[in-house]
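Below is one structure, written out as structure tokens; comments come after it.
Values in this document were obtained by computation on a predicted structure and should not be read as measured data.
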Amino acid sequence: MDNFISLWGESAYTSLGFFWMALWAFVLGYLISSLIQVLITKRRMRKAMGGNDLKSVSLGTFFGFISSSCSFAALSTTRALFNKGAAFSASMAFMLASTNLVIELGFVISIFLGWQFVVGEYVGGLLLILFVWLFITLTNPKKLIKSARKEEDDEDEHHHETTLSDLLSADTWQKVGQKYIMEWQMVWQDVLIGFTVAGVISAFVPSAFFEWLFIGVGTQGEPGFWSLLQQAVVGPIAAFFTFIGSMGNIPLAAVLFGEGVAFAGVMAFIFSDLIVLPVLKINARYYGWKMALYIALMLFICLVAASLAMHYGLFAFDALPDASQWSSPAKQEHFKLNYGFVLNVIFLLLSAVMVVLWRKKQKEHEHHHHHDHDGSSVGDKVMNALCVVSVLWLAGGMVTYAVQ
């Protein structure tokens, strides 16, 4: 019993420490993302994404890069772009880029995993988009695309097109404040549960479990191809059962890497945020089950291929990260006066400014933002329940940690 209480305190401390490490990166990333989303509308995007060609896919990738990192927001915007005329391949490029290539994700990965994983995320993300484009071109699912596309009203057709000169406008910054709060409203559950689970796994799950789950873990030297393939396949399966978005998965990925999972397996786990069960259900509602399963199979095959390609690419340049030379975030002292502490204070103050701007805009006219978590669905109720459990777990754990 005493051992459980000790591990409980350790897991809660690790979870909160992980979040404290990443806080400034979250805030900076979402500030940049919110500003760009205000300046570039969906109407501008879809005009450039009409064909199954390199230009449309490249522009879809670029617009995804400067978009929101929330998987659910990405799904909603992707559906809108697709239904308003964007090519399916360009829409998929947007969806993948907006969850794998976004600025804030790179910040968080660099803090938890290091530069090699940032390279893996961005270069591998581009490879993933290329593989998806090739998969769509080769399979050519014309009937699926035709049956999945539905006409939508153009909700921003008459909206003012924001320009860079509008950065001097108070109204622009109030809109940025709105976007910033909306970003957090969309991801806070994933972040809370993801960081809590990362702390629990770090404290409670023995290394033997990872050696059983991922072939090749715990052995010396570079794993063989079949071991890497198995790890790259198991990574998405493990992610499927976490049903946590890309931002919440990063501390879990750090735990996996610390336990000896190869680069390919960790990258496959990170890339898998768009094949988790809630995303599959939303795609089924948007496009029908046939298209949803097609998308899931396509992403699974392509992300495994991209992860393996990045692993062997870094291996060829002798640049694979060495876990023995890597400092696990779980073993670091989290709450100390350093550059991270100063950055957190600065960006918390900026967050407070965004909240004030958001409140002003709310008072001017009541704005209800609906994103695509199923408001009264079973999945949403499960997420709410898990959030309550996470808060109670963290609060109780910190009490036990303080009295130890």
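For L54, the side chain to side chain contact (heavy atoms under 4.5 Å, CB included) partners at least two apart in sequence or on another chain are S58, W133. With sequence neighbours left out, the side chain to side chain contact (heavy atoms under 4.5 Å, CB included) criterion links A284 to W289, A292. Remark: L213 pairs with F209, V234 by the side chain to side chain contact (heavy atoms under 4.5 Å, CB included) rule, at least two apart or across chains.
Ring planes of Y294 and F88: tilted class, angle from 30 to 60°.
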Contacts under 3.5 angstrom, residues 118-132 side chains, donor-acceptor by atom type, not counting sequence neighbours:
residue	atom	partner	partner atom	Å
Y122	OH	V102	O	2.9
Y122	OH	G106	N	3.3

Side-chain donor-acceptor contacts of residues 344-356 below 3.5 Å, not counting sequence neighbours, with atom names and distances?
residue	atom	partner	partner atom	Å
N344	OD1	W24	N	2.9
N344	ND2	W20	O	2.8
N344	ND2	G340	O	3.4
S351	OG	Y180	OH	2.6
S351	OG	F347	O	3.0

Could you walk me through whether Q189 and L192 satisfy the side chain to side chain contact (heavy atoms under 4.5 Å, CB included) test, starting with their C-alpha distance in whole Å, then the side-chain angles of each, then the deciding distance to 0.1 Å, before giving a yes or no? CA-CA 5 Å; Q189 290 180 317; L192 172 61; 5.9 Å; no
Checking V279 against D273 for the side chain to side chain contact (heavy atoms under 4.5 Å, CB included) test, could you report, in this order, the C-alpha distance in whole Å, the side-chain angles of both residues, the deciding distance, and whether it holds? CA-CA 8 Å; V279 170; D273 57 303; over 6 Å; no
Start with the C-alpha distance between E259 and F214, add both sets of side-chain angles, then the distance that settles side chain to side chain contact (heavy atoms under 4.5 Å, CB included), and finish with yes or no. CA-CA 10 Å; E259 291 292 343; F214 292 91; over 6 Å; no
Report the C-alpha separation of F210 and I201 in whole Å, then their side-chain angles, then the decisive distance to 0.1 Å, and conclude whether the side chain to side chain contact (heavy atoms under 4.5 Å, CB included) test is met. CA-CA 11 Å; F210 295 98; I201 292 175; 3.5 Å; yes
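Aromatic ring centres of F4 and F204 lie closer together than 6.0 Å. Checked against the 6.0 Å centroid criterion, the rings of F94 and F63 do not qualify as a close aromatic pair. For F112 and F257, the distance between ring centers is not under 6.0 angstrom.
Not a single donor-acceptor pair under 3.5 Å links the side chain of E10 to the backbone N or O of A203.
No hydrogens or angles considered: a donor-acceptor pair under 3.5 Å links the side chains of S56 and D53.
Within the 4.5 Å cutoff, no side-chain heavy atoms of W393 are placed close to those of S390. You'll find the side chain of I145 reaches within 4.5 Å of the side chain of M291, heavy atoms only. A heavy-atom distance below 4.5 Å is found between the side chains of M92 and T78. Side-chain contact between I250 and I270: present, with at least one pair of heavy atoms (C-beta onward) separated by less than 4.5 Å. The shortest side-chain heavy-atom distance between W188 and C387 falls under the 4.5 Å cut-off.
Rounding to the nearest 0.5 Å places CE of M182 at 11.5 Å from NZ of K175.
Sequence neighbours left out, the pairs with a member in residues 300-319 that pass side-chain hydrogen bond (donor to acceptor under 3.5 Å, both in side chains) are E222-H311.
Stacking of R149 on the aromatic ring of F82 is recorded, both the 6.0 Å distance cut-off and the 45° axial limit being met.
With S272 as the fixed residue, the side chain to side chain contact (heavy atoms under 4.5 Å, CB included) test singles out one of L299, V304, L303: L303.
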